[in-house]
Amino acid sequence: MKKLKGMFAVAGTTALALSLLAGCGASNSVSSTSKQGASKDHKIVIGFSQVGAESGWRTANTESIKSAAAADSNIELKFSDAQQKQENQIKAIRSFIAQKVDVIAFSPVVQTGFEPVLKEAKAAGIPVILTDRSVEADPSLYVTMIGSDFTQEGKKAADWMLNNIKSDGTVNIAELEGTVGSAPAVDRKKGFDEEIKDHQNYKIIKSQSGDFTRSKGKEVMEAFLKSDGKKINVVFAHNDDMALGAIQAIEEYGLNPGKDIKVISMDGIKDAFQAMVDGKLNASIECNPLLGPALMETAEGVLAGKKYPKWIKSEEGVFDQTNAAKELPNRKY
Ligand code: GZL
């Protein structure tokens with residue numbers, strides 16, 4: 001049995017050191033009817049419900065989970081793609097319960113509406129692990145959440161802007177928000193807004209969801225440019241895919257992205273690094289998707305009766321045009 005400590009995965013130079021957060025809420029032991037651990041004739045069966053395939057980050061996250069399961073002979077993975085629909089996630093979780101899987105894991109597409117099905121999983125004695133995104137639900141209904149601090153990511157984006165885009169006049173910001181109601185969209189916005197509130201000359205003049213996709217990000221940015229193209233100084237995108245769509249829209253509008261309009265985004269996918277090298281993207285706040293190894297180790301630990309804090313947090317970096325070229329060859333996603 002592998003030990004749950006130390007590094008779980010390394011992405012480029014940014015170690016995904018899933019440091020167990022001390023003292024973050026009561027640990028949550030596995031329910032009284034603990035599921036069976038792995039043995040020579042019983043693999044651990046994990047049912048995983050994925051948000052969808054909306055972005056480069058999500059593709060990398062799915063790949064990490066599937067390859068980590070494939071590399072672990074103790075584990076059988078049942079994988080479901082919800083195509084960004086909550087009802088599909090709820091259906092998948094109910095199916096996993098009916099199949100009596102040993103562990104259920106999922107990345108909740110939105111924060112609310114999962115409590116009833118989580119209660120069904122608990123009643124069935126199946127432990128639940130959240131990856132990537134959190135839910136608004138009784139914390140006793142899940143063991144832990146393995147993922148990033150989105151509020152911190154929003155703060156990092158604002159800090160980069162405040163330190164690198166200075167003006168005596170007003171700095172007008174157009175914001176491309178993630179999926180409405182999702183933890184990353186809610187918390188990245190919260191962190192960014194909180195950080196700029198004492199800087200009156202930085203103003204968000206447009207804010208709309210691009211649903212984390214490249215196509216929708218381009219579409220929303222086209223509308224922003226049509227109404228306020230001459231006023232926008234900065235684009236703050238909640239993920240790289242929407243930023244890359246916005247960059248295309250800015251070029252088609254006849255301006256130079258990264259120069260005439262600065263662009264700040266999040267995730268740190270390879271295409272974003274290339275855009276920074278090309279001078280079209282100014283910064284990307286890393287949000288590491290390589291959660292597969294940590295999920296597999298946590299699932300095995302849960303079934304072995306280990307206790308966990310409510311949040312196993314990823315550690316991540318900030319990248320811009322000063323370090324993108326050096327880091328690009330190291331990127332694993
Ligand atoms: C963040 C993740 C977000 C990414 C997007 O952990 O939930 O969802 O930022 C993805 O690229 O669509």
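Remember, it's 1-based here, ligands and their atoms both numbered in the order they're listed. Hydrogens, waters and symmetry mates play no part in the numbers below; they use all other heavy atoms, side chains included. When a residue number appears, it is its place in the shown sequence, counting from 1.
- By the 3.5 Å distance cut-off applied to N or O atoms, W57 is not counted among the residues near ligand 1.
- The shortest distance between side-chain heavy atoms of Q50 and R58 falls below 4.5 Å.
- The nearest protein atom to atom 12 (O) of ligand 1, hydrogens excluded, is given as E54 OE2, 2.5 Å; this is a heavy-atom distance.
- Side-chain contact check for S314 and N288: no donor-acceptor pair (N or O, by modelled atom type) lies under 3.5 Å.
- K306 and E300 are not joined by a salt bridge, as no carboxylate oxygen comes within less than 4.0 angstrom of a charged side-chain nitrogen.
- Shortest contact from atom 2 (C) of ligand 1 to any protein heavy atom: D132 OD1, 3.3 Å.
- Proximity to F150 (heavy-atom distance under 4.0 Å) selects the following atoms of ligand 1: 1 (C), 6 (O).
- Within ligand 1, counting atoms from 1 as listed, the ones closer than 4.0 Å to a heavy atom of P184 are 7 (O).
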Report the C-alpha distance between H238 and F212 in whole Å, list the side-chain angles of each, state the deciding distance to 0.1 Å, and finish with yes or no for side chain to side chain contact (heavy atoms under 4.5 Å, CB included). CA-CA 7 Å; H238 289 189; F212 284 132; 3.9 Å; yes
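- With a heavy-atom cut-off of 4.0 Å, M242 does not touch ligand 1 at all.
- In terms of protein heavy atoms, atom 4 (C) of ligand 1 is closest to D267 OD1, 3.4 Å.
- Using a 4.5 Å cut-off on side-chain heavy atoms (C-beta onward), M161 and I196 make contact.
- For the residue pair D320 and W160, a side-chain donor N or O sits within less than 3.5 Å of a side-chain acceptor on the partner.
- Heavy-atom distances between C287 and ligand 1 reach below 4.0 Å in at least one pair.
- In this structure, atom 3 (C) of ligand 1 lies nearest to the protein heavy atom R133 NH2, 3.7 Å.
- Aromatic rings from F48 and F96 are positioned such that their centres are separated by 6.0 Å or more.
- For ligand 1, the atoms closer than 4.0 angstrom to any heavy atom of S55 are 5 (C), 10 (C), 11 (O), 12 (O).
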